[in-house]
Engineer: 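Encoded as structure tokens, here's the structure I'll be asking about.
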Amino acid sequence: LIIGVYDDHVVLIKEEADIIHIINAKLTSSIVVKYILDARDFTATIFNCKGEKISQEKTKLSKGIQEFDIPACGLIQLKKN
């Protein structure tokens with residue numbers, strides 16, 4: 001699943017996927033995700049605009065709102081564990 005975010009708004013994730021890419025095509029770094037599925041463990045890897053990995057950590061997405069700090073023109077890859 002690939003999602004592009006071009007403006008400050010909430011990203012709705014409503015379908016199952018083993019890997020979710022969220023591309024931050026804005027100039028601000030905040031990406032707000034609303035996850036409406038059952039809780040899942042993911043590995044969250046954040047890349048900058050050059051494709052360089054800047055962080056990687058385990059996270060749990062559960063029903064509700066979660067905010068990620070993703071650099072402008074960067075992306076987050078959420079890979080199901």
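We're numbering straight along the sequence, starting at 1.
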Engineer: Does the side chain of Thr43 come under 3.5 Å of the side chain of Asn81 through a donor N or O and an acceptor N or O?
Structural biologist: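 Distance-only check passes for Thr43 and Asn81.
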Engineer: Quick one: CZ on Phe68 to OG on Ser29, what's the gap to the nearest 0.5 Å?
Structural biologist: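 Reported value, rounded in 0.5 Å steps: 13.0 Å.
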Engineer: Report yes or no: do Leu75 and Leu61 belong to one cluster of Ile/Leu/Val/Met/Phe/Trp/Tyr joined by side chain heavy-atom distances under 4.5 Å?
Structural biologist: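 No, it is not one cluster - the side chains of Leu75 and Leu61 are not joined through contacts under 4.5 Å.
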Engineer: Salt bridge (Lys or Arg N to Asp or Glu O under 4.0 Å): which pairs involve residues 44-58, sequence neighbours left out?
Structural biologist: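 Residue pairs passing salt bridge (Lys or Arg N to Asp or Glu O under 4.0 Å), neighbours aside: none found.
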Engineer: Treat each ILVMFWY residue as a node, draw an edge where side-chain heavy atoms are under 4.5 Å apart, and state whether Ile3 and Ile31 are in one component.
Structural biologist: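 Ile3 and Ile31: one cluster.
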Engineer: Tell me the salt bridge (Lys or Arg N to Asp or Glu O under 4.0 Å) pairs involving residues 69-81, sequence neighbours left out?
Structural biologist: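 Found Asp18-Lys80.
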Engineer: Mind checking what makes salt bridge (Lys or Arg N to Asp or Glu O under 4.0 Å) contact with Lys60, not counting sequence neighbours?
Structural biologist: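 Testing Lys60 for salt bridge (Lys or Arg N to Asp or Glu O under 4.0 Å), a comparison that skips the adjacent residues, returns Asp41.
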Engineer: To the closest 0.5 Å, what do you measure between CD (Glu15) and CD1 (Ile20)?
Structural biologist: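 So the gap between those two atoms works out to 8.5 Å.
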Engineer: Do you know the tightest heavy-atom contact between Ser62 and Ala39?
Structural biologist: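 The pair with the smallest heavy-atom distance is CB-CB, 3.8 Å.
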Engineer: Please report the interatomic distance CZ(Phe42) to CD1(Ile19), rounded to the nearest 0.5 Å.
Structural biologist: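 Result: 10.5 Å between the selected atoms.
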Engineer: Applying a strict under-4.5 Å side-chain criterion to I, L, V, M, F, W and Y, I'd like to know whether Leu12 and Val5 cluster together.
Structural biologist: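 Shared cluster, no.
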Engineer: For Ala17 versus Leu1, what's the shortest heavy-atom pair and its separation?
Structural biologist: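 So the two residues come closest at CB-CB, 3.9 Å.
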Engineer: Does atom CD1 (Ile65) have a neighbourhood of more than 12 heavy atoms from anything else shown, all under 6.0 Å?
Structural biologist: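 Enclosed: over 12 neighbouring heavy atoms sit under 6.0 Å from CD1 of Ile65.
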Engineer: CD of Gln56 to CD of Gln77: how many Å apart, nearest 0.5 Å?
Structural biologist: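 Separation between the atoms: 8.5 Å.
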Engineer: Quick one: are Val33 and Leu78 in side-chain contact, heavy atoms under 4.5 Å?
Structural biologist: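 No, every pair of side-chain atoms sits at 4.5 Å or beyond.
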Engineer: Just verifying a value: how many Å separate Tyr35 OH and Gln66 CD, rounded to the nearest 0.5 Å?
Structural biologist: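 Output value for this atom pair is 10.5 Å.
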Engineer: Out of curiosity, Ile76 CD1 to Ile70 CD1, how far, rounded to the nearest 0.5 Å?
Structural biologist: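 Answer rounded to 0.5 Å: 4.5 Å.
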Engineer: According to a hydrophobic-cluster definition based on side-chain heavy atoms being under 4.5 Å apart (Ile, Leu, Val, Met, Phe, Trp, Tyr only), do Ile36 and Ile13 belong together?
Structural biologist: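 No, Ile36 and Ile13 fall in different hydrophobic clusters.
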